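Below, each value reflects all heavy atoms present in this structure, side chains not excepted, and no hydrogens, waters or symmetry copies. Everything numeric here is computed off the predicted structure, so don't read it as measured data. Chain naming here is simple, since letters A, B, ... match the order of the sequence lines and numbering starts at 1 in each.
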Number of protein chains: 6
Amino acid sequence: MNTIKGPAIFLAQFMGEEAPFNSLETICQWVADLGYKGIQIPTWESRLINLDLAAESQTYCDELKGKINSCGLEITELSTHLQGQLVAVHPAYDLMFDNFAPQALRNNPRARTEWAVKQVKNAASASKRLGLKAHATFSGALAWHTMYPWPQRPAGLIDMAFTELATRWIPILNHFEECGVDVCYEIHPGEDLHDGLSYELFLEKIKNHPRACLLYDPSHFVLQQLDYLEYIDIYHERIRAFHVKDAEFNPTGKCGVYGGFADWKTRAGRFRSLGDGQVDFKSIFSKLSQYGFDGWAVMEWECCIKSPEQGAREGAPYIQNHIIEVTKKSF
Amino acid sequence: MNTIKGPAIFLAQFMGEEAPFNSLETICQWVADLGYKGIQIPTWESRLINLDLAAESQTYCDELKGKINSCGLEITELSTHLQGQLVAVHPAYDLMFDNFAPQALRNNPRARTEWAVKQVKNAASASKRLGLKAHATFSGALAWHTMYPWPQRPAGLIDMAFTELATRWIPILNHFEECGVDVCYEIHPGEDLHDGLSYELFLEKIKNHPRACLLYDPSHFVLQQLDYLEYIDIYHERIRAFHVKDAEFNPTGKCGVYGGFADWKTRAGRFRSLGDGQVDFKSIFSKLSQYGFDGWAVMEWECCIKSPEQGAREGAPYIQNHIIEVTKKSF
Amino acid sequence: MNTIKGPAIFLAQFMGEEAPFNSLETICQWVADLGYKGIQIPTWESRLINLDLAAESQTYCDELKGKINSCGLEITELSTHLQGQLVAVHPAYDLMFDNFAPQALRNNPRARTEWAVKQVKNAASASKRLGLKAHATFSGALAWHTMYPWPQRPAGLIDMAFTELATRWIPILNHFEECGVDVCYEIHPGEDLHDGLSYELFLEKIKNHPRACLLYDPSHFVLQQLDYLEYIDIYHERIRAFHVKDAEFNPTGKCGVYGGFADWKTRAGRFRSLGDGQVDFKSIFSKLSQYGFDGWAVMEWECCIKSPEQGAREGAPYIQNHIIEVTKKSF
Amino acid sequence: MNTIKGPAIFLAQFMGEEAPFNSLETICQWVADLGYKGIQIPTWESRLINLDLAAESQTYCDELKGKINSCGLEITELSTHLQGQLVAVHPAYDLMFDNFAPQALRNNPRARTEWAVKQVKNAASASKRLGLKAHATFSGALAWHTMYPWPQRPAGLIDMAFTELATRWIPILNHFEECGVDVCYEIHPGEDLHDGLSYELFLEKIKNHPRACLLYDPSHFVLQQLDYLEYIDIYHERIRAFHVKDAEFNPTGKCGVYGGFADWKTRAGRFRSLGDGQVDFKSIFSKLSQYGFDGWAVMEWECCIKSPEQGAREGAPYIQNHIIEVTKKSF
Amino acid sequence: MNTIKGPAIFLAQFMGEEAPFNSLETICQWVADLGYKGIQIPTWESRLINLDLAAESQTYCDELKGKINSCGLEITELSTHLQGQLVAVHPAYDLMFDNFAPQALRNNPRARTEWAVKQVKNAASASKRLGLKAHATFSGALAWHTMYPWPQRPAGLIDMAFTELATRWIPILNHFEECGVDVCYEIHPGEDLHDGLSYELFLEKIKNHPRACLLYDPSHFVLQQLDYLEYIDIYHERIRAFHVKDAEFNPTGKCGVYGGFADWKTRAGRFRSLGDGQVDFKSIFSKLSQYGFDGWAVMEWECCIKSPEQGAREGAPYIQNHIIEVTKKSF
Amino acid sequence: MNTIKGPAIFLAQFMGEEAPFNSLETICQWVADLGYKGIQIPTWESRLINLDLAAESQTYCDELKGKINSCGLEITELSTHLQGQLVAVHPAYDLMFDNFAPQALRNNPRARTEWAVKQVKNAASASKRLGLKAHATFSGALAWHTMYPWPQRPAGLIDMAFTELATRWIPILNHFEECGVDVCYEIHPGEDLHDGLSYELFLEKIKNHPRACLLYDPSHFVLQQLDYLEYIDIYHERIRAFHVKDAEFNPTGKCGVYGGFADWKTRAGRFRSLGDGQVDFKSIFSKLSQYGFDGWAVMEWECCIKSPEQGAREGAPYIQNHIIEVTKKSF
């Protein structure tokens, strides 16, 4: 058993145009004042990090780390959610995803993919230089649009899609192996890796690559009604990162999981500020502690009702109260 | 209140290469022997009906009806599920849906759409000639691939998609109005009309066209965890057709609603033979009777475990036992 | 342990203007053909019994019994629900209850009460002559309108009401004692005896009179959300009669137990035909058998949706299938 | 969306004979010290307000308001629960309700009604002078004693009762319209408006008068097992006031909703101090915020176990912790 | 997938002193008339089989089988529950178990064990001669009395007990391997193998011996509140025999799983006749069919309320209705 | 009603080799600093108390009490769990329990029993000298190994065991009567008194001795799935002590109540730090307050995950927040 580290906060949803949300120094001060001890850094956010430089320069990394540490904070992980997503995009979503890529690469899926692969690899190098052990990202998706089996999927379609997905990721995973860093896929709707079964499909294709690990975020399981506690029992050995994000699912006679194209406030499944949703974090922290997870508890925050300021303020003590200092005694 | 008619059976899943499953006469005899009183006819199945001819010829329709009646059966509704689907197809699914269209129209989405519209209109004409009041179909889909809001849907995308969907369906609905027949959309994943919210979006676009009605099939609601009983409370005035189809949803630590690209047997949500699933048909028949539904209870059957022969054999008494002869007394 | 007798049927809700529902002979034949073995007779129904005569004449009783037995039926119990109700009526309900009394006694509560007491006593005498051991009735009510404690009940009000109720019933109970027959109060909303607590209040006032027993009807407990299984564990020694009546409770955002003055079809709680409601009869028959109940399982029937003919037809096999032939073996 | 105001407290149950509970100044100080920011004033409590004077004198109102504001408090609403109750009383409850009226009017229902109507109208005038937008009251009841349909209600009885109820309230509602104040009926057992269905009956009779709004108090819905969350989905546009009151319902084998005339401690349904009951306030605050409710969260307090001092002390932070500062961002 | 065979019946609880329960011929006729197609034979019942002879003589086995087949029945499995139990007995239970052994061996645990081992081995030989593939038995127990960890178990105690248990069973399992028959341990309280964890402990000690399989009986899991459906997901590859036995668990404020030394009727957990308990056989038959179980569905029957005659009569159609003829189609 | 006293803490699980856990003075200071107001003293712990001396010497007791009071603490009860256990031990557990007894008495069950009886009696005397009203202990067990009725218990076995148990305890109970102290048996698996039924068996044998009372600890009921709230309704008059101990029960497909000989972390039922388990303490404190329990709320602590330091730190405010200051008002 291990004591989970925290509280930490994923900065992506908090960046903004105005202070203190518009620079690394000011936002670090803000989160440190709220009681956080770690930050997860979205690497596409140039006000927080220069990823290309970080991949190359130890000096830059040391300075970056120093700046953050001086606020009483640690970096928990880097994140390449957006770039990881772009490693694999089905054409049906090309336009919608193009705005994650540099302007120059839009309308050029091949170049966009190459850029994305390079970005994720850079994150490995940067993580190593920063002394990090885990990295957060998305798998991307080639087959998500066929998630529901209507129309019937042609024989071999899924196999082909996962073979291609593996082909793209294996070199990346190998680079992470060299850097001694785990890739932690956030299992998420919209990605080919959206539940345990699809993760296992992928594992099979990549021959159980030891770096193909998991970021555990229960909110996405609430929204698809997957048993997020049993999930820990099954996959705990691969869980290396943890998003503390809350959600609720309240189906009605008008709306179930699929959501009728409605906005977040109107959907049956929606994300909520910590403590306002239905996630049983008490059991999650128990299970992760019991199985020896020694990473960070990083709040990811989205709420369609509560303000982010209140959410951030409440999140630090919420996580703090859930952390279990593990026992050394046995009865 | 009204007494629901039945039991009836949707023939689509029972057609096959061998007798009695390969001709109208033999399959009618088979289902009549099992105790069914009505059949729903898939109009793409040429062994059962010549839809183009039926749209034109009263003689053909009279003979067809006579042949069926002579087995002790009635036609409950015609179905154009496959053709209705082709009224609107997003390019991402073009290849997969092409095999629902005549060979000549493949790889020609525009012609395919025109053909589909004509087919559905023909079904209206044929229904009128056959004395039918309701018709079963799918809406097709232009936006289904964006069902989950990741990537974020560009502003206006859904509005545009539903405007186009309405544009395609309004002439069809008008033709149904002329024929005095209700279009009953089967609310179904994969279609733009997949729950109450999306149906309401559509209604708004078609200005509440009186013929845009519903085929109620609870199995698709179990699989998306929509409250299928409250749905009747909300939409009962528009429900004009009814599929008696069973389903179950058993999420685990590996699999939720989305299903991980698995086959039916392995998915958390799966269709089952009548009585083998979780649908509370006792309450459904109570509600439909209470609200005055006077159509047919038509078994639709798919089961990934039980044989269709056993399913068909058990289905007739199952439905019979659920039909409520409504009271004329009040206490 | 004992094997419960049945199936039987309470005739009150089935009497009507047309054959076979309008005479003892024809209705007996009808229920016997449906598979029933016993009938519970509403004594206010002059086409079935002349209660005053039955109280006095052994010859009449022997003939009545013979007529019924000749159809293969037994009398299970006599019922004086309506007359028992009139033993105690609060003035707020005088007008509404007057139509249960003979025309001459309307607008004369005192005379009406006297008549009611005499009627219930006659039922004791008649039951004795017919060889019956149990009798079904209502307690009447003096305080029901104060069921909800708003406005606050003046101190002593309930005590006074129950003292008066006891005063009226003790002479009746004593007459039942002389006749060797149990009074079985149907615990029912609208009566002062409407749950376990109110029954215990009454027992206290009548010093635990041994003839103040219970008719168990779970439908009234479903509608008030009382635990009808635990009720058997608590009161089984006093349960001497049993109504097999089904019910359901489906609260919504518009309606709870109180029902908003709506009609039966619209209420959250409503009676249903056997098997169409929520009552767990499997557990009820197990508990009653386990505790040695040796009376009759008598269907009482009301349904706001299903026809009484279908209800009666389905009721006999439903009860038959629930009867447990008790074992003599132990493991 | 709006941020709910609070915490506030309804003073009715806290007034007493001893300081600080016996004067406006002292009780205001007490609640302000506990952290409350608003008070709801029971207008029958002459130590808090002189309603007749307040209806007439702007000076009095300005002074009253000033006195309260000087403690750091605002008036949330005036309440005429007792007087509103007396607008309509069925004779069966005349005696019990008489002690809500001035001594001189007892035993004189007609005069009592007139007085009550005048009182409620005065509350409108006073509310206007105090700058209030909403007013809390009861509807009174003419038909509550027939809540359970035994004996069967004569045809037309409910229609007649609600017609009369509307006749009495329409002039009052019109006066509120003139004053620009909403009447917020607390939906409550014992009142004719005791659930959604009865409220809709009333709305129909008063032609949807725009001032006939709702005070939302979930405790009364727990006690009748009405779905208090779905209720918000249905009626949110009419909810203009909010009582934060907790309750629990624990039915047993002895007791269900009706309660067997028992005292509060023994009933299955009972009120509890905030946080000690079963009400899901997390979801309530989410829904009210989501639907834009911008009124006050006013604690109403009754508990049959906990002391009012502890209850008041815990109530302010309890409400504070539930208030959602609504977001301006959307994802 | 495979279609489960059945219905069959375990004869142990039905043998008695009077016809038809006192000889093989008469009881076979009785169960065949009830609709059973197979019997499971308790080998300690000399009126049904001479186990020692059966182990040696092919002629005897052929005759026995012929006699049974001539009634339209098949042997499903032999059972050595009592002898298997005696393979391992903790001294605390010596006296209680002695009556399962021949008179001569009582008070002689060592000889009793040897006899038991020999018996179980004989059952392997006999099974082979009878053409059977599976055998039903108990593991016996050396550590059951320490099931609850109070007093704390000395370090190594369980390891030692399971090592000894394995030592006794390995030669038996090897003999079964030679005979080509699976040992199916009925997982059962009182045995060292009483749940999945303890079975896994044993498997480890016997190095996953391929013949150490399982008899699946959900009733014993209901009584210890183990998830009997997930159990099939985990262990289906080892399930080779199946007892269709029903049970219920109704804990109260007086009694939980341990049962307070009460008799069966009074315990919270108790066995019930098929359909009278809580076991979800619909899901069990689905899962076993889905996973390809091709053995027999054998009713084991114990009920503390219902008579065995009624139980046996109802059991055959109950099982018949649950058997799924598996499909060859896929959708 | 009464206000429960607390928070208090049972010291047994906190004693250790290092300061502050190794002496009365230091541990008292530690728990007082954490906010506790009372301690329950394990009398086998010689660093805390000299039980033999305390039984004899008022001076010693006064000094002991003074020392504890001077830390701001009170003694809640003495405990003789280990000695009470030794009052009755079945030979199967002799070895395992021997280490609770003085070295000299090991392997000498008779002497061990005598010593144990004397110890428990001494605790009565000491409690009297310390001004205590209640005492915590175990009953011991003679029949626990036969808890599951397999093998069938010989007729009379349980009766004999409980007769013997009563014989041993009656003199002890009488001595407690003389001292004016209640024996509070902790109802616990492994003890003959492990649920309500077994307690009632014992009460019958000791003729309802008024001193044979109960220590209420819900954690042991969670682990056997007994209804711990209804238990209070039934036995509240005998509950005189209260352990606030949390637990959870999470059965899986591998493990139910019996636990498969696994360690605590792996069992379905396990003890947890306060607030980390499933016990509904809100309802427990309500019920105990409602029924007038006026003893101490004493945390007993065991958790297989959380450290005892964190557990102790969180326990005091946890209990404090649950204590209800009872009302003197009624509505």
Side-chain angles (χ1 to χ4, degrees), chain E residues 85 90-93 95-97 100 143-154 157-158 161-162 188-192 194-201 221 223-235 249 251-264 266-268, chain F residues 85 90-93 95-97 100 143-154 157-158 161-162 188-192 194-201 221 223-235 249 251-264 266-268:
Chain E
Q85 171 67 61
H90 183 271
Y93 305 96
L95 276 173
M96 286 181 268
F97 276 128
F100 292 172
W144 168 254
H145 63 295
T146 73
M147 169 270 296
Y148 191 81
W150 175 258
Q152 274 195 300
R153 289 183 290 257
L157 183 90
I158 295 303
F162 273 73
H188 187 282
E191 310 302 314
D192 279 348
H194 60 271
D195 61 7
L197 291 181
S198 51
Y199 174 59
E200 292 183 16
L201 263 179
F221 299 152
L223 263 55
Q224 66 183 287
Q225 292 294 286
L226 182 151
D227 183 338
Y228 57 83
L229 293 177
E230 196 190 10
Y231 178 97
I232 300 177
D233 290 333
I234 301 170
Y235 299 111
F249 180 62
T252 68
K254 298 190 166 189
C255 184
V257 165
Y258 297 130
F261 306 115
D263 64 4
W264 278 111
T266 309
R267 296 175 71 88
Chain F
Q85 170 68 61
H90 183 272
Y93 306 96
L95 276 173
M96 284 181 268
F97 277 128
F100 292 171
W144 169 255
H145 63 295
T146 72
M147 168 273 295
Y148 191 81
W150 173 259
Q152 272 195 304
R153 289 185 290 257
L157 183 92
I158 295 303
F162 272 73
H188 188 281
E191 308 304 312
D192 278 348
H194 61 270
D195 61 7
L197 291 181
S198 51
Y199 175 59
E200 292 182 17
L201 263 179
F221 299 150
L223 265 55
Q224 65 184 288
Q225 292 293 286
L226 182 150
D227 183 337
Y228 57 84
L229 293 176
E230 195 189 11
Y231 178 97
I232 300 177
D233 290 332
I234 301 170
Y235 299 111
F249 180 63
T252 67
K254 295 190 168 191
C255 185
V257 165
Y258 296 129
F261 306 114
D263 64 4
W264 277 112
T266 310
R267 296 175 70 88

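A search for side-chain contact (heavy atoms from CB on, under 4.5 Å) contacts involving E/L229 returns E/D227, E/D280, E/S283, E/I284, E/K287, not counting sequence neighbours. Take E/E200 and apply the side chain to side chain donor-acceptor pair (under 3.5 Å) test, not counting sequence neighbours, and it matches E/Y235, F/K254.
Only the side chain of F/F162 comes within contact range of chain E, with heavy atoms under 4.5 Å apart. Residue F/Y228: no heavy atom, backbone or side chain, is found under 4.5 Å from chain E. Heavy-atom distances place no part of E/A268 under 4.5 Å from chain F, backbone and side chain included. Using a 4.5 Å cut-off between heavy atoms, E/F249 contacts chain F through its side chain alone, with no backbone atom that close. Only the side chain of F/F100 has a heavy atom closer than 4.5 Å to any heavy atom of chain E. Within the 4.5 angstrom heavy-atom criterion, no atom of F/A161 approaches chain E. Interface remark: F/P91 contributes no atoms to any contact with chain E (heavy atom separation under 4.5 Å). Both the backbone and the side chain of F/D192 come within less than 4.5 Å of a heavy atom of chain E.
Nearest heavy-atom pair, F/H90 versus E/A92, reported as atom, atom and distance to 0.1 Å: CE1-CB, 4.1 Å.
Relative orientation of the E/W264 and F/Y148 rings is perpendicular, given thresholds of 30° and 60° on the angle between their planes.
Expressed to the nearest 0.5 Å, how far OG1 of F/T252 lies from CG of E/L197 amounts to 6.5 Å. Separating the CE atom in F/M96 from the CZ atom in E/R153 is a distance of 9.0 Å, to the nearest 0.5 Å.
The most heavy-atom pairs under 4.5 Å with chain E, out of F/P189, F/A143, F/S198, F/P154, come from F/P189. Ranked by non-hydrogen atom pairs under 4.5 Å with chain E, the options F/A262, F/G196, F/G190, F/G256 are led by F/G256. Contacts with chain F were tallied for E/H194, E/Q225, E/Q85; E/H194 has the most, counting heavy-atom pairs under 4.5 Å. No other option in E/F221, E/Y231, E/Y199 has as many heavy-atom pairs under 4.5 Å with chain F as E/Y231. When the candidates E/P151, E/P251, E/P149 are compared by the number of heavy-atom contacts under 4.5 Å with chain F, E/P151 comes out ahead. Of all the listed residues (F/R267, F/Q224, F/E230), the one sharing the greatest number of non-hydrogen pairs under 4.5 Å with chain E is F/Q224.
Centroid-to-centroid, the aromatic rings of E/Y258 and F/H188 stay 6.0 Å apart or farther.
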